[in-house]
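Read through the structure below, which is laid out as structure tokens, and then see the notes.
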Amino acid sequence: MPFQKKKFAMQYNFQQIEKKWQDYWSKNQTFKAENNSDKPKYYVLSMFPYPSGAGLHVGHPLGYIAGDIYARYKRHKGFNVLHPMGYDSFGLPAEQYAIQTGQHPAITTEVNINRYREQLDQIGFSFDWSREVRTSNPDYYKWTQWVFIQLFGSWYNKKTDKAEEIETLIAQFEQDGNTTIAAVCDEDVAQFSAEEWTNFSDKEKQEILLKYRLTYLADAEVNWCPALGTVLANDEIVNGVSERGGHTVIRKKMTQWMMRITAYAQRLLDGLDTIDWPQPLKDSQTNWIGRSEGASVTFKIKDVEGEIEVFTTRPDTIFGVSFMTLAPEHELVSKITTPAQKEAVEAYVEATAKRSERERMADVKTISGVFTGAYAEHPFTKEPVPIWIGDYVLASYGTGAVMAVPCGDQRDYDFAKHFNIAIPNIFEGVDISEEAFADKANTVIANSDFLNGLPYKDAVTKAIAELEKLGQGKGKINYRLRDAVFSRQRYWGEPFPVYYNQDGLPQMLAQQFLPLELPEVDKYLPTETGEPPLGNAKAWHWLQYGDEGKVVTKEEFTNANPVGKIGGPLELNTMPGWAGSSQYFNRYMDPRNTEAIYSDEAINYWEDVDLYIGGSEHATGHLLYSRFWQKFLFDRGVAPKQEFAKKLINQGMITGTSAFVYKDVEENKVYSKGVVGDKKVNPVHADVSLVNASDELDIEAFKRWRPDLAEAEFILEDGKYIVSREVEKMSKSKYNVVNPDNICEEYGADSLRLYEMFLGPLEQSKPWNTAGITGVHGFLKKLWKLYLTQNDSEPTADNLKTLHKTIKKVEEDIENFSFNTSVSTFMICVNELTAQKCTSKKVLGPLAILVSPYAPHIAEELWEKLGNTESIANAAFPKFEEKFLIESTKQYPISFNGKMRFTIELPLDLTKEEIEETVMAHEQTIKYLDGRTPKKVIVVPGKIVNIVG
RNA sequence: GCCUUGGUGGCGGAAUUGGUAGACGCGCUGGAUUCAAAAUCCAGUUCUUUCGAGAGUGUGGGUUCGAUUCCCACCCAAGGUACCA
């Protein structure tokens, strides 16, 4: 039937088109990137997802679509583009699910990944899937373990300002001991000579080296939940108890693997100036690192052996000290507390252990603390200074102790007022009867012996000098950044390639034995003795003879032949979520390499990420740790660049638009939005798929969905039931999740891609409302129609003007990541060309290329219809030509006192005077002036005329 | 609390160096087509209005011939705040 056939071709059949081109790309490996090419390289990376059980919702692809548009654009611009994707597949939700169901996390993870892949494939991304990585794959985490071993085998030399092999440190110990070394290390390292070093036992040597290594064991404070037998994140704690089950949580010290990221504090700060990342993100890293200059001051304690070290940014105010405050967790607290105060102090310490750090920081209104009964000695006046404890001092910041200067610090001031402690005034001519005076710049110091009369800067210098003379202080730069805890008491993470020898000292597995694979366990919970889940593994001991090594049971290990045997129990902790994501961007360059983390050729070709797209919530986690690892790999000659990503864009969150029906509190009635009035009602979530574009509820479907309301009476308005709408986080529990699959099915991937971009600026968060998608879908239909008639005719001036206006705008928009305005531009362009009845291939061809990064499937199809036989993916981007846009006249807006009243069309080559003359003579002007004489006439040629008066 | 971002019609948003506020789209209203509907097309749509005009970009001030845009103070919402990823 020829009639039907013709009609078929007339219609935009997105399902058929999208399937066709996705198959084509896959079959032809259109987007496979080569590790060498004559073209310049460009590396576009989107942060890889954690494959959760819920699947993708429309919020996830936002950043991927933006990245994909940019990657496709760069191909049109002649670049060899690397655009990979993978999965951050270790993580807590899979483990939680395993605990609940007993299913191995590897199985659920595999299922989730397959689902993600299906969903991603539907959207038509130009990923090079041959490079996929999964952090939970042994082939991948082999190299995570390898980096860990490199960190263990390195120390930070402050003299060369970089990480070096531990062997260079040992050589120096052998030569000079540790007296001449400038290293970043633990604070409690004793001094030793070369001779002493040589005489140390192996165990002693290993213990000392551990204090220098870039990853090391230390006691760190954690949120311990005894009932769950696990450590909790701050956000798993609500009001001091665990979110799950409401159990008590306490602060507790545990031995943990740590990363000496503090060694890189200054370089992480300095590096920010060299990368094009959003300023807010840089700000949060800067604040996180928290550099402050000041002094470290040592206070002796009266009648007790020991001293208190504090860090202060205001050594100039040292004569204003009237008390000291220690964090309740400070190690000296139990030592210095007098018997009379013991009970009160212990009670306070216990109470504080129940509060989270965040709670303590956020709560500035409640003032609490206890006097220890002990006194310190002021370094200069030798007067006694009472020592208090207070939870506003955090153990993890600085030294966990402050010298309190109430006249100069508001928190100290409030504390002193509350507990009736003296507030000596050390500022010249400043009233401190109401509040502390923290303005450094605008006063001079008084009542301060040798500091009297000095302004802030001079007083700081002088105070430090005097402290140095006493041997009780020195100038110091302090960082808020702390070493990162790298152990997790979890199952579903990378095992540490570590066993413990007879002395209990950690030993690294040799590279040939990597990866050390995650063992099977029966239960994913902590053991009965409170050990991490790996404690449940039957075989988790390392047994090695020479080049032969394997994982065995404890019995096998104990009974094995002792001659030449090495090994011991393996580490029970696993690595944290950020371990696998800290170098994945490099691994994509050469993901199947089994000999090395990646080849020199690959890393020297791709070097670094040119554009990285991801959420701002990773600002101080993933993005700081990755920069740290990259700098370390750089120091050790493994990576050629100090920073892994030149440019970074944060995509915003897509929120959901929840729908509510109003259920009467007493009666079994639900009211439409407009008829609620002042009735007492409860809002009840309705699934957004049951609501149409006009907020009208499908009542029958709703009744099937919520059988408990099937019998309810629905009070309508105008015969319809209208829901109320509210923007909330997109989440299953709020029934506002929208799946991209459904959208692709109903409107197609190209519509989804366009609509995600059309919603608003990439960086901002914005609500999703499926109703609006008909707009971009309608645009694609119009675009399709525009290509129904095409020929080799010459384009008109109007055609060319529309085309080149569009080229200019779209190119600018892509470069500025302003994708939403591009979509509008396409709509305007197609509306104009349709009105112009444009049929010229010389216009339609370039337009298809412009559209193709955004809507690649329809673009390929139209490109083919135009007679091309090659994929559009590598077609050259159209060149903008100014000459088609030149205008000779302008619609001048004429405003009165800054308010536009009417426009006049005038030639653009008029002078200021000519414009003024013409405008003032215009009848509309005369009408608006109504006989008044203007005070002033502002003429900006090419822009505006403003008449004042 | 602190740091960061944002606030413009009924809704998403546009306005690239201070120069025509509301582009584009949704929704809504009216019309064409249709037996009817869907789809499509056309017109209108910031608010108030005595139809002359007036007001208007979270609130209150300021700078300027002119402010969504710059400055000050405040209000509200979202993200982060070290073991969610």
Side-chain angles (χ1 to χ4, degrees), chain A residues 47 49-50 52 88 90-93 96 220 222-223 230-237 256 278-281 283-284 286-288 357-365 396 480-482 484-490 576-578 581 615-622 624 650 652-653 655 657 693-695 725 727 729 755 758-761 763-776 778-779 781-782 785 809 812-813 816 818 820-821 823-828 831 891-903 934-938 940 942-949:
Chain A
M47 286 185 189
Y50 173 78
S52 81
D88 188 13
F90 271 134
L92 270 185
Q96 207 51 46
V222 294
N223 300 313
T230 188
V231 174
L232 299 177
N234 276 337
D235 64 43
E236 292 177 290
I237 305 167
Q256 310 262 344
Q279 195 55 42
L281 198 156
D283 289 348
S284 56
T286 303
N287 293 335
W288 191 263
E357 245 181 46
R358 194 182 304 176
E359 219 178 13
R360 283 164 63 178
M361 281 190 287
D363 183 8
V364 292
K365 292 197 181 93
S396 52
R480 201 179 73 103
L481 182 72
R482 342 199 264 250
V485 181
F486 198 66
S487 304
R488 297 291 183 268
Q489 295 68 47
R490 313 281 187 192
W578 53 271
S581 58
S616 60
E617 66 274 19
H618 300 283
T620 50
H622 162 60
L624 196 64
N650 287 132
M653 206 175 52
T655 46
T657 311
S694 312
D695 293 345
R725 293 286 204 163
V727 171
K729 197 172 166 168
Y755 189 51
F758 188 60
L759 277 182
E763 286 102 325
Q764 277 169 34
S765 86
K766 55 241 159 197
W768 178 271
N769 191 348
T770 305
I773 200 168
T774 53
V776 293
F779 156 74
K781 286 187 195 166
K782 283 189 209 166
K785 272 194 193 163
K809 176 79 173 132
E812 279 169 5
D813 283 347
N816 293 322
S818 175
N820 54 325
T821 48
V823 180
S824 307
T825 304
F826 290 137
M827 290 174 172
I828 294 166
N831 288 347
Q891 284 286 340
Y892 273 92
I894 310 303
S895 26
F896 292 78
N897 298 318
K899 259 205 157 357
M900 204 281 289
R901 296 303 176 191
F902 57 91
T903 59
K935 287 198 195 105
K936 208 169 171 186
V937 179
I938 312 272
V940 185
K943 285 254 157 92
I944 199 170
V945 176
N946 189 17
I947 298 163
V948 186

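Order of the sequence lines sets the chain letters (A, B, ...), proteins ahead of strands, with each chain counted from 1. Note that the coordinates shown come from a computational prediction; the quantities given were computed from them, not determined experimentally.
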Roughly how many Å is it from [atom1] in [X] to [atom2] in [N], rounded to a whole number?
{"X": "A:D88", "N": "B:C83", "atom1": "CG", "atom2": "P", "answer": "16 Å"}
{"X": "A:I938", "N": "B:C65", "atom1": "CD1", "atom2": "P", "answer": "7 Å"}
{"X": "A:H618", "N": "B:U81", "atom1": "NE2", "atom2": "P", "answer": "11 Å"}
{"X": "A:Y892", "N": "B:U20", "atom1": "OH", "atom2": "P", "answer": "13 Å"}
{"X": "A:L624", "N": "B:G80", "atom1": "CG", "atom2": "P", "answer": "17 Å"}
{"X": "A:F90", "N": "B:A85", "atom1": "CZ", "atom2": "C1'", "answer": "15 Å"}
{"X": "A:E812", "N": "B:U16", "atom1": "CD", "atom2": "P", "answer": "11 Å"}
{"X": "A:F779", "N": "B:A39", "atom1": "CZ", "atom2": "C1'", "answer": "19 Å"}

Out of [options], whichever nucleotide has its closest atom nearest the side chain of [X]:
{"X": "A:P761", "options": "B:A14, B:C65, B:U20", "result": "B:A14"}
{"X": "A:K782", "options": "B:G25, B:U40, B:C83", "result": "B:G25"}
{"X": "A:P893", "options": "B:U20, B:A39, B:A85", "result": "B:U20"}
{"X": "A:V948", "options": "B:A82, B:C65, B:G25", "result": "B:C65"}
{"X": "A:V485", "options": "B:C83, B:C65, B:C41", "result": "B:C83"}
{"X": "A:V231", "options": "B:A15, B:C83, B:G27", "result": "B:C83"}
{"X": "A:T620", "options": "B:C83, B:C24, B:G80", "result": "B:G80"}
{"X": "A:K943", "options": "B:U17, B:A85, B:U16", "result": "B:U17"}
{"X": "A:A771", "options": "B:C83, B:C26, B:A85", "result": "B:C26"}
{"X": "A:Q489", "options": "B:U16, B:C83, B:C24", "result": "B:C83"}

When you compare [N] with [M], how far apart are their [atom1] atoms, in angstrom units rounded to a whole number?
{"N": "B:A78", "M": "B:A73", "atom1": "C1'", "result": "22 Å"}
{"N": "B:G27", "M": "B:A39", "atom1": "P", "result": "9 Å"}
{"N": "B:G7", "M": "B:U16", "atom1": "P", "result": "14 Å"}
{"N": "B:A67", "M": "B:C2", "atom1": "C1'", "result": "31 Å"}
{"N": "B:A15", "M": "B:U49", "atom1": "P", "result": "32 Å"}
{"N": "B:C28", "M": "B:G10", "atom1": "P", "result": "16 Å"}
{"N": "B:U8", "M": "B:G31", "atom1": "P", "result": "34 Å"}
{"N": "B:G6", "M": "B:U17", "atom1": "P", "result": "15 Å"}

Can you classify the ring geometry of A:F896 versus A:F902 as parallel (below 30°), tilted (30 to 60°) or perpendicular (above 60°)?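 A:F896 and A:F902: tilted rings.
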Please work out whether the ring planes of A:H618 and A:H622 are parallel, tilted or perpendicular, with thresholds of 30° and 60°.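 Geometry flag for A:H622 against A:H618: perpendicular rings.
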If you assign each of A:S487 and A:M653 to its closest nucleotide in RNA chain B, which residue comes earlier from the 5' end?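 Residue closer to the 5' terminus by nearest nucleotide: A:M653.
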Select from A:G772 and A:P576 the residue whose nearest nucleotide in RNA chain B is closer to the 5' end of that strand.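 Its nearest nucleotide lies further toward 5', so the answer is A:G772.
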Closest approach of [X] and [Y], non-hydrogen atoms and distance?
{"X": "A:V231", "Y": "A:R490", "answer": "O-NH2, 3.1 Å"}
{"X": "A:G942", "Y": "A:Y892", "answer": "N-OH, 2.6 Å"}
{"X": "A:Y755", "Y": "A:N769", "answer": "OH-O, 2.6 Å"}

Between the base of B:U40 and the side chain of A:K785, is there any donor-acceptor pair under 3.5 Å?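 Answer no: no donor N or O sits under 3.5 Å from an acceptor.
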So for A:Q891 and B:U20, does any side-chain atom that can act as donor or acceptor lie under 3.5 Å from a complementary atom in the base?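 Absent.
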When both hydrogen-bonding distances must be under 3.5 Å and the geometry is Watson-Crick or G-U wobble, what is [N] paired with, if anything?
{"N": "B:A78", "result": "B:U4"}
{"N": "B:U64", "result": "none"}
{"N": "B:A53", "result": "B:U48"}
{"N": "B:U40", "result": "B:A32"}
{"N": "B:G12", "result": "B:C24"}

Distances for protein N/O vs nucleotides 1-12 of chain B N/O pairs under 3.5 angstrom?
from, atom 1, to, atom 2, distance (Å)
B:G1, O4', A:A362, O, 3.3
B:C3, O2', A:N287, ND2, 2.8
B:G12, O2', A:L759, O, 2.4

Just checking [X]: base, sugar-phosphate only, or nothing, at a heavy-atom cut-off of under 4.0 Å?
{"X": "A:P49", "result": "nothing"}
{"X": "A:R901", "result": "sugar-phosphate"}
{"X": "A:V776", "result": "nothing"}
{"X": "A:I894", "result": "nothing"}
{"X": "A:K809", "result": "base"}
{"X": "A:L232", "result": "sugar-phosphate"}
{"X": "A:R480", "result": "base"}
{"X": "A:Q256", "result": "base"}

Please tell me if [X] has a side-chain N or O lying less than 4.0 Å from either OP1 or OP2 of [N].
{"X": "A:K899", "N": "B:G66", "answer": "no"}
{"X": "A:N816", "N": "B:U16", "answer": "no"}
{"X": "A:R482", "N": "B:U81", "answer": "no"}

State, with a plain yes or no, whether a side-chain heavy atom of A:F486 is found less than 4.5 Å away from one of A:Q256.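 A:F486 does not reach A:Q256 side chain to side chain.
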Flag the pair A:T903 / A:I894 as yes when at least one side-chain heavy-atom distance between them is below 4.5 Å, and no otherwise.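 Side-chain contact under 4.5 Å: no.
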Apply side chain to side chain contact (heavy atoms under 4.5 Å, CB included) to A:L481 and A:L624, showing your working. CA-CA 11 Å; A:L481 182 72; A:L624 196 64; 4.0 Å; yes
